[in-house]
2 protein chains.
Amino acid sequence: MPRALEFDYETSLDRATRLFWKSGYAGTSLRDLLKGMGIGESSFYNTHKSKKHAYLECLKHYNETVNRKRAEAFFIAPTAALGIRALFKTVLDCLDDPNTPSLVCLMAGSLTHEVLDEPELRQYVEERMTLLADAMIARMSADKQAGVLEEKLDPHLVVPVIITYLQGIWRMALVFYERSRFEGQIDVFLTGLGL
Amino acid sequence: MPRALEFDYETSLDRATRLFWKSGYAGTSLRDLLKGMGIGESSFYNTHKSKKHAYLECLKHYNETVNRKRAEAFFIAPTAALGIRALFKTVLDCLDDPNTPSLVCLMAGSLTHEVLDEPELRQYVEERMTLLADAMIARMSADKQAGVLEEKLDPHLVVPVIITYLQGIWRMALVFYERSRFEGQIDVFLTGLGL
DNA sequence: GACTAGTTGTAGCACCTGCTACAGAATGGA
DNA sequence: TCCATTCTGTAGCAGGTGCTACAACTAGTC
């Protein structure tokens, strides 16, 4: 091994993730990235095939850190219903956190032409969203069998509704955000669904 | 009047709108616009101060045509509840229409940093969204007074929930769209709210 | 100490971005 | 017919884009 990397890959990736998170894929130029990551073009292209691939790595990193915590909040809760409420709470906490780079989740922010038009990125986003949906569906089904959840509730129908609403929240927050209002609206939404 | 415009302003604006609608603000270059509109840079900058202002004009044009029909569907319906269902139907019809340039409403697609960071654009989007919300709230309040709508339903809480869900739909459609599934989900969502 | 394999900084490529300057063309009124 | 006024096409600017070529550097191996 003739020469070691002069920068820490993990921290540079974390910085890149925050940059993409803040301004989106197209809104973050390569120069912005390099400056934020603290490396030069050579180092960048030695570790990332292209800007697109770097973005994909950032998406993965984001899922393994930020979204992982959200998923945990869901799974730790004693019931699916409480888990979903916990999940929404993490979203509001994120919106409130002054440390958060942006009012859109990086994954939710990837639901745009510019990202979805790239097959590799699209595939990953689709994959991740189905993964989340399937996990929620499984959890709710288990609750139903255990008798904790109303029998008439169809997880295959309710879960997509929840995810859709979640996406809506990330968009609305960009325009109007006020915690108490959002809390009230989420409550109306979830109790309506019977959760 | 020394010389008349050689192109029709309205049709050129309509074409521009469809281009922005298809690929978003940043995704549509000035060259794309000119080509699609069938005019040269001189003509463009004689009628539009800048690309940003042209986008604003397109947003207005979109609201006066596409969104106007949606609003009409809402107001024509005998009750607010039916109006909201009619509104959702127009959205699904739009998603199904092969003539539709994109699976995101131009207004919903404007809920991005790139657009919202421009003060003039942001102001217009905010204004339009509050306008729609207020109209829906007023309609629901009237229905409540008339005894057509459940008393316990709070329009100021329910309407934002509906709009949030609407935004979510426009995002989810980019990833997974299937009419029958969406119909089922919308029904679960609205009946949950008591509509 | 030479060799080799890897990393780094610099300079620059070809292309695209929104936008402008300017000459030429077309039309009305005097 | 000349003028003024407006429109249009062309050419090009200054700056930004993602990316690459290349020389210099750094380390471990022989």
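We name chains A, B, ... by the order of the sequence lines, and we start the count at 1 in each one.
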*Does any donor atom in the side chain of B/Y55 or B/T28 lie under 3.5 Å from an acceptor atom in the other side chain?*
no
*List for me each residue that meets side-chain hydrogen bond (donor to acceptor under 3.5 Å, both in side chains) alongside A/Y62, sequence neighbours excluded, and say none if there are none.*
A/R70
*Would you call B/E183 and B/R179 a salt bridge, taking side-chain N to carboxylate O under 4.0 Å as the test?*
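Answer for the salt bridge query: yes.
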*Is there any salt bridge (Lys or Arg N to Asp or Glu O under 4.0 Å) pair reaching into residues 186-195 of chain A, and which pairs are they, with sequence neighbours excluded?*
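Those involving residues 186-195 of chain A are A/R85-A/D187.
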_Per the salt bridge (Lys or Arg N to Asp or Glu O under 4.0 Å) rule, what does the pair list look like for residues 4-20 of chain A, sequence neighbours excluded?_
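Matches after skipping sequence neighbours: A/R3-A/E6.
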*asked:* For DNA chain C, which residues of residues 24-43 of chain A approach it to below 4.0 angstrom with any heavy atom?
replied: A/R31, A/G40, A/E41, A/S42, A/S43
*Residues in contact with DNA chain C, drawn from residues 7-20 of chain B - heavy-atom cutoff 4.0 Å*: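 Hits under 4.0 Å, by residue number: none.
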*Could you please spell out the steps behind the side chain to side chain donor-acceptor pair (under 3.5 Å) verdict for A/N46 and A/S43?*
CA-CA 5 Å; A/N46 266 3; A/S43 304; over 6 Å; no
[X] [atom1] to [N] [atom2]: how many Å, rounded?
{"X": "A/N46", "N": "C/dT7", "atom1": "CG", "atom2": "P", "answer": "5 Å"}
{"X": "A/K49", "N": "D/dT20", "atom1": "NZ", "atom2": "P", "answer": "12 Å"}
{"X": "B/L5", "N": "D/dT5", "atom1": "CG", "atom2": "C1'", "answer": "14 Å"}
{"X": "A/F44", "N": "D/dT17", "atom1": "CZ", "atom2": "C1'", "answer": "13 Å"}

*Could you say whether B/E6 or A/E6 is positioned toward the 5' end of DNA chain C, judged by the nucleotide with the nearest heavy atom to each?*
A/E6
*asked:* If hydrophobic clusters are built from ILVMFWY residues whose side chains come within less than 4.5 Å, do B/L106 and B/Y177 share one?
replied: yes
*Under the ring pair (Phe, Tyr, Trp, His ring centres under 6.0 Å) test, which residues partner A/H61, sequence neighbours left out?*
none
*Which nucleotide in the set D/dC7, D/dC19, C/dT8 lies at the smallest distance from any side-chain heavy atom of A/K51?*
D/dC19
